[in-house]
Structures are given as structure tokens and as C-alpha cells.
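Have a look at the structure below before the remarks.
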Amino acid sequence: MVDKRLSMDDPEDEEPDREEQGPKPTYVAELEERIAESERMIAEVRSQYRAALEDFENAKARAGRDVSREIRKGRKLVIGEMLEVLDNLDRAIEAAGTDSRAGTIVDGIRLVRDQFVAKLEHLGARRMISLGAKFDPALHQAVSTVPVSDPGNDGTVVGVVTEGYTFEDELLRPAVVAVGKLEALKPVVVG
């Protein structure tokens with residue numbers, strides 16, 4: 001028997017190469033196989049986790065977009081309904097006209113109307129400027145034509161029955177308008 005403690009400095013006595021040791025014991029090979037299989041399973045679970053996390057993030061983003069779309073749709077619906085109230089306020093102001101007896105009441109109605117318009121604008125509704133604009137069937141609903149003598153007014157909105165509104169750059173309600181139509185010139189008969 002050789003005492004290796006005494007010959008530690010001798011390079012020949014260092015740990016022998018694996019080739020010299022011979023084949024690995026079967027339990028070591030089995031353990032290495034188990035480790036390799038465990039590493040494959042861990043990699044697969046990590047891959048599944050990343051895919052599930054990505055699916056979750058996509059679903060969360062999609063749900064957020066859906067909620068935003070539904071909120072916008074609800075706001076648009078409510079604002080559309082409120083436009084009738086605004087129309088009635090405008091009609092009340094117009095009906096009072098210049099009647100001196102209704103002066104303070106009309107002033108109060110104007111204040112309420114202006115506040116109402118400000119709230120609608122804050123929510124994203126905007127009144128379209130239709131009077132004097134070229135008739136656009138995407139924005140206007142023509143209910144009548146009015147004869148005009150100026151060729152520049154042909155096809156132009158010359159009267160507004162009901163104002164049109166947009167909601168966040170999307171048509172909320174078309175303006176109901178009267179459109180100018182150039183009068184045909186009558187032949188002059190001399191005689």
C-alpha cells in the first residue's frame with residue numbers, strides 16, 4: 001500500500017484521467033441521465049411559462065381595449081341622447097325672440113344652454129359648422145332645396161334645421177339642412 005499523503009508533490013500521483021478510471025458506475029450514469037431529463041423538463045416548463053405569460057399580457061391588453069371601446073360607445077350614446085335637450089334649449093331661446101317680457105328668463109336659458117354645450121364639448125362632442133359649407137351627404141341630411149341666384153351658393157348649405165355634431169372626430173349626428181340650388185334662368189321674351 002502506498003501512502004499518498006507523503007507524495008502529494010509528485011505529479012505522477014495526481015488524479016488519474018477518466019480514461020484510466022474506466023467506465024462510470026451505473027448509478028452515476030443514471031444520475032446524469034436524470035439530471036439531463038430534469039433540465040429538459042425545466043426548459044420546457046420555462047418555455048410554457050413564457051408562452052402563458054405572453055398570452056396573459058395579450059389578453060389583458062385586449063380586455064383593456066374592449067373596455068375602452070365600450071366606455072366610448074356608452075359616452076357616445078348618452079351624448080347623442082342629450083343633443084335633443086340642447087335642441088330644445090335652442091328652440092326655446094329662438095321662440096322667445098326679442099319678447100321683452102321674457103328677457104331674464106331667456107338670459108337664464110342661454111346660460112344653461114352655454115353650460116350644457118361646454119359640458120358636451122368636455123366629453124368630446126363638437127358642433128359642426130354647416131351654414132355656408134358645401135353640402136356633404138356624409139355630414140349633412142338635406143330636407144329641402146332653396147332657390148339661389150348666386151352660382152357660388154349652388155350646392156351650399158343655406159339653412160340649418162338641426163345642428164350636426166361630431167364625437168371625437170367621428171360623426172355623431174348629421175346636420176339637417178336646406179341646400180341652395182341655382183335657379184334656372186328664364187328666357188326673356190321681347191315683344
Side-chain angles (χ1 to χ4, degrees), residues 1-90 112-130 133-143 155 157 160-177:
M1 185 176 284
V2 177
D3 188 6
K4 290 189 177 187
R5 289 181 292 173
L6 298 176
S7 61
M8 287 177 70
D9 295 332
D10 187 7
E12 288 181 21
D13 290 336
E14 288 180 6
E15 186 177 316
D17 290 342
R18 289 200 178 260
E19 293 173 6
E20 293 177 15
Q21 283 183 341
K24 296 180 189 176
T26 55
Y27 70 91
V28 172
E30 288 175 8
L31 289 175
E32 286 177 344
E33 240 180 74
R34 284 184 184 174
I35 289 172
E37 179 62 26
S38 294
E39 287 174 350
R40 278 191 297 274
M41 289 174 60
I42 289 170
E44 184 179 325
V45 167
R46 281 185 180 154
S47 175
Q48 290 172 352
Y49 170 76
R50 284 187 200 109
L53 183 61
E54 187 176 324
D55 286 347
F56 174 73
E57 291 298 327
N58 289 339
K60 188 166 79 171
R62 190 171 41 255
R65 285 190 304 269
D66 290 347
V67 166
S68 294
R69 192 172 326 148
E70 289 301 315
I71 289 172
R72 183 179 185 281
K73 193 174 167 183
R75 283 178 46 207
K76 185 178 175 182
L77 181 66
V78 169
I79 290 171
E81 292 293 321
M82 291 294 153
L83 292 179
E84 290 179 34
V85 175
L86 181 58
D87 292 339
N88 288 331
L89 287 171
D90 287 338
V112 170
R113 182 209 168 276
D114 292 345
Q115 181 184 20
F116 194 68
V117 168
K119 293 293 182 184
L120 289 176
E121 286 177 355
H122 176 73
L123 292 172
R126 302 277 182 267
R127 179 179 274 190
M128 296 185 316
I129 306 299
S130 298
K134 280 290 183 193
F135 175 75
D136 181 351
L139 302 174
H140 305 117
Q141 178 182 351
V143 292
V157 175
V160 177
V161 178
T162 306
E163 297 290 345
Y165 287 85
T166 59
F167 176 72
E168 297 177 358
D169 300 326
E170 182 180 312
L171 183 65
L172 180 61
R173 180 178 82 179
V176 178
V177 298

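All values derive from a computational prediction rather than experimental measurement.
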In Å, rounded to the nearest 0.5 Å, how long is the span from [atom1] of [X] to [atom2] of [Y]?
| X | Y | atom1 | atom2 | answer |
| --- | --- | --- | --- | --- |
| E163 | R126 | CD | CZ | 15.0 Å |
| L86 | I79 | CG | CD1 | 12.0 Å |
| E168 | L123 | CD | CG | 9.5 Å |
| L172 | Y165 | CG | OH | 9.5 Å |
| M128 | L171 | CE | CG | 5.5 Å |
| R72 | L77 | CZ | CG | 12.5 Å |

#### Entry: Residue list, side-chain hydrogen bond (donor to acceptor under 3.5 Å, both in side chains) with D66, at least two apart or on another chain
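Counting only residues at least two positions away or on another chain, D66 forms a side-chain hydrogen bond (donor to acceptor under 3.5 Å, both in side chains) with R69.
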### Message
For A43, is there any backbone N or O sitting under 3.5 Å from a side-chain donor or acceptor partner on S47?
### Response
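Checking the backbone N and O of A43 against the side chain of S47, no donor-acceptor pair under 3.5 Å is found.
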### Query
Hey, is the main chain of A118 close enough, under 3.5 Å, to the side chain of H122 for a donor-acceptor pair?
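Answer holds: no.
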### Query
Mind checking whether R173 and T162 have side chains closer than 4.5 Å, heavy atoms only?
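R173 vs T162: side chains touch.
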### Task
Please examine the side chains of E30 and E33, heavy atoms only from C-beta on, and report whether any two atoms are closer than 4.5 Å.
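No; the side chains remain at least 4.5 Å from each other.
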### Query
Around K119, counting heavy atoms of other residues, nucleotides and ligands shown, do more than 12 lie under 6.0 Å from its NZ?
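Result for NZ/K119: open.
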### Message
Counting neighbours of CD on E57 that are heavy atoms of other residues, nucleotides or ligands and sit closer than 6.0 Å, is the number greater than 12?
### Response
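Yes, CD of E57 has more than 12 neighbouring heavy atoms, counting only those of other groups under 6.0 Å.
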### Contact summary for R75 and G124, nearest pair of heavy atoms
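Nearest pair, atom of R75 first, then G124: NH2-N, 4.2 Å.
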### Message
Can you give me the closest heavy-atom contact between F135 and V157, atom names plus distance?
### Response
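Distance-wise, the nearest heavy atoms are CA-CG2, 4.2 Å.
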### Query
So L83 and L120, side chain to side chain contact (heavy atoms under 4.5 Å, CB included) or not? Walk me through it.
CA-CA 9 Å; L83 292 179; L120 289 176; 3.9 Å; yes
### Message
I'd like to check the side chain to side chain contact (heavy atoms under 4.5 Å, CB included) partners of E37; sequence neighbours left out, ordered by chain and number.
### Response
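In terms of side chain to side chain contact (heavy atoms under 4.5 Å, CB included), with neighbours along the sequence ignored, E37 is linked to R40, M41.
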